[in-house]
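Okay, so here's the structure we're looking at.
Computed from heavy atoms alone, side chains included, the values below leave out hydrogens, waters and symmetry copies. Counting convention: from 1, in listed order, for ligands and their atoms alike. Residue numbers run from 1 in the order of the sequence given.
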Amino acid sequence: MSETILIAGAGIAGLHAAMALSDGARRITVLDRDPPPPDLGPDEAFESWERKGVTQLRHSHVFLGRLVTLIRAKHPALWTALLQNGAREHTFAEFLGPPLRNRYRYEPGDEEMSFLFSRRTTLELTIRRYVATLPGVTFITDAGIRGVLRDGVRVTGLKVEIAGAMREMTADSVIDATGRTTQFPDWLGLENTIAETSPAGILYFTRHYKLRDGADEPPRDGPSGAGDLGYVKFGVFIADNRHFSITLAVPEIETELRTAMLNPEVFDAVCRQIPGTARWIEPERAEPASKVFGMGNLLSSWRTYLDGDTPRVLNLYPVGDAAQRTNPLYGRGCSIGAIQAHFLPEIFAETADPAARLRRLRERSQAELKPFYDVMVKQDEQAIRRAANERVPGYKPRLKSRIMKSFVEDAIGAASRGDLTVARAAMRAFHMLEHPTDWTKRGPILARILKTWATPKALKRGLYPPKAGPERAEMMKALGIAA
Ligand SMILES: Cc1cc2nc3c(=O)[nH]c(=O)nc-3n(C[C@H](O)[C@H](O)[C@H](O)COP(=O)(O)OP(=O)(O)OC[C@H]3O[C@@H](n4cnc5c(N)ncnc54)[C@H](O)[C@@H]3O)c2cc1C
């Protein structure tokens, strides 16, 4: 008999789970509380698609190379549809700064290091329409999952509210892709499923803009569209159909700034103070296409349904944010969810034993995803400390911190900007194509990094980015906020 699968949630992870598991034999039902995408184009969908279940829907989104490569290899028709709907591939060569771009020569593997940029509404509606064409996949939308059906430790299905009526739907396996607010632990009566958690330490603010008719994006060779000023991090996200967005991430400790940031005038005023964002929103170039969206309570967390090696529940497999949440700054959440969803068919093929399947899902997630989580947590701890220090006038970091900062800026950063081999290694890790930090320990790469570190600053001036923006006090003064 063919296997039946209920996928709870039609976000990025749920859609990828359906893509991964659809083989023509399995009967897959994807349930979501929200309505389907409107039968309209990307611009109309951005305006009108109600997605109460995905509060981050109108924040900037990018897919990393590992996910881009996966889509191109396994779902080429989806890749074509994404590009047709306006999503933008940004290649490794385009990403490189001027010193390296002029010396760039293609090497096999470079094509794996493309970003995919687009408004998330466009990404989701395109993936959703593609998944609807796959064999054995059915969507039920406006369907609120209200609980689980279970037989002891075994999950046997879901209680679902559709059009005001409760239905009981059974299945061999249930995939929890309901995102970061998953209620499965509550429905199962399980406490302490979160093994680790830590604050992202920031609030996210995003505003969308549209290029005016006849206007172009600024040339690539100017000041960088992404950077970290300590008291604010900024990023310009190119998007589909002549749109782009700017995200400003403000440390939680910056109470006055974050309170003011939802005001579009303040948001734009901050952008105008930062050369890398200012040129994008010049009045003759672009006009605002949205209000400022804000989001807080950003945590990272790692969940497990195993107690040692013993599953606390069977036939339930969490993927995406329901399994682990990451700081959005790293742009990894969708890639992590999609990669994890694609573990499922391989694990299901290896064994039919639900306990072994859950253990294997943990094993693969630990091996391929957890290192990124661990490095992120450390970097977030450092960023939170840095944001606190920014507020102390005349603060002098300790020697160890100064050495670390010098290694990051004068060695790794400078080498990544001046040495194509180092840039490639760094970006492979950034795109989740290999371990996040092991590349810095590989002999030949480390030698190049150390050589750059040892080079006197006067001889490597061209390897430093120009100052990304004003000091904190200067910015606050420009905004009329007490420093
Ligand atoms: C501000 C912000 C910016 C981000 N930027 C990026 C980025 O640039 N790149 C990146 O890769 N990641 C980014 N992320 C992370 C990314 O958005 C998430 O990792 C990703 O959406 C997780 O996908 P998911 O399918 O697990 O959950 P979601 O996308 O949250 O989807 C969950 C789905 O489950 C449904 N659902 C929930 N509860 C129920 C229920 N009871 N009944 C029925 N349906 C239900 C919801 O309606 C929703 O459709 C960002 C996150 C935030 C917060």
Problem set entry | Side-chain H-bond candidate by donor/acceptor type, T193 with R303, under 3.5 Å | yes

Who's closest to [atom] heavy-atom-wise, of [options]?
| atom | options | result |
| --- | --- | --- |
| atom 3 (C) of ligand 1 | G11, G333, P328 | P328 |
| atom 41 (N) of ligand 1 | V319, I145, I140 | I145 |
| atom 29 (O) of ligand 1 | Q56, R180, R120, R332 | R120 |

Exercise. Just distances here: any N/O of F237 and N/O of ligand 1 closer than 3.5 Å?
Worked result: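 No, since none of the N or O atoms of F237 sits under 3.5 Å from an N or O of ligand 1.
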
Problem set entry | L298 N/O under 3.5 Å from ligand 1 N/O |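 No, no N or O pair falls under 3.5 Å.
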
Exercise. For Y330, does the OH atom sit with more than 12 other heavy atoms under 6.0 Å from it, leaving out its own atoms?
Worked result: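 Buried by this count: over 12 neighbours within 6.0 Å.
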
Exercise. More than 12 foreign heavy atoms under 6.0 Å from CG of D221: is that the case here?
Worked result: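 For D221, atom CG is crowded (more than 12 foreign heavy atoms under 6.0 Å).
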
For this session: Scan for side-chain hydrogen bond (donor to acceptor under 3.5 Å, both in side chains) pairs involving residues 332-346, sequence neighbours excluded, and state none if there are none.
Result: H75-H342, Q324-Q340, Q340-S365, E346-R364

Problem set entry | Residue and atom name of the nearest protein heavy atom (relative to atom 5 (N) of ligand 1), distance in Å to one decimal | S60 O, 3.2 Å

Report yes or no: does [X] have a heavy atom closer than 4.0 Å to ligand 1?
| X | value |
| --- | --- |
| A177 | yes |
| A143 | yes |
| R51 | yes |

Listing, residues 160-170 side-chain donor-acceptor contacts under 3.5 Å, not counting sequence neighbours, or none:
residue	atom	partner	partner atom	Å
E161	OE1	R146	NE	2.8
E161	OE1	R146	NH2	3.4

Exercise. Side chain or backbone of D32 under 4.0 Å from ligand 1, or both, or neither, by non-hydrogen atoms?
Worked result: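 Both of them.
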
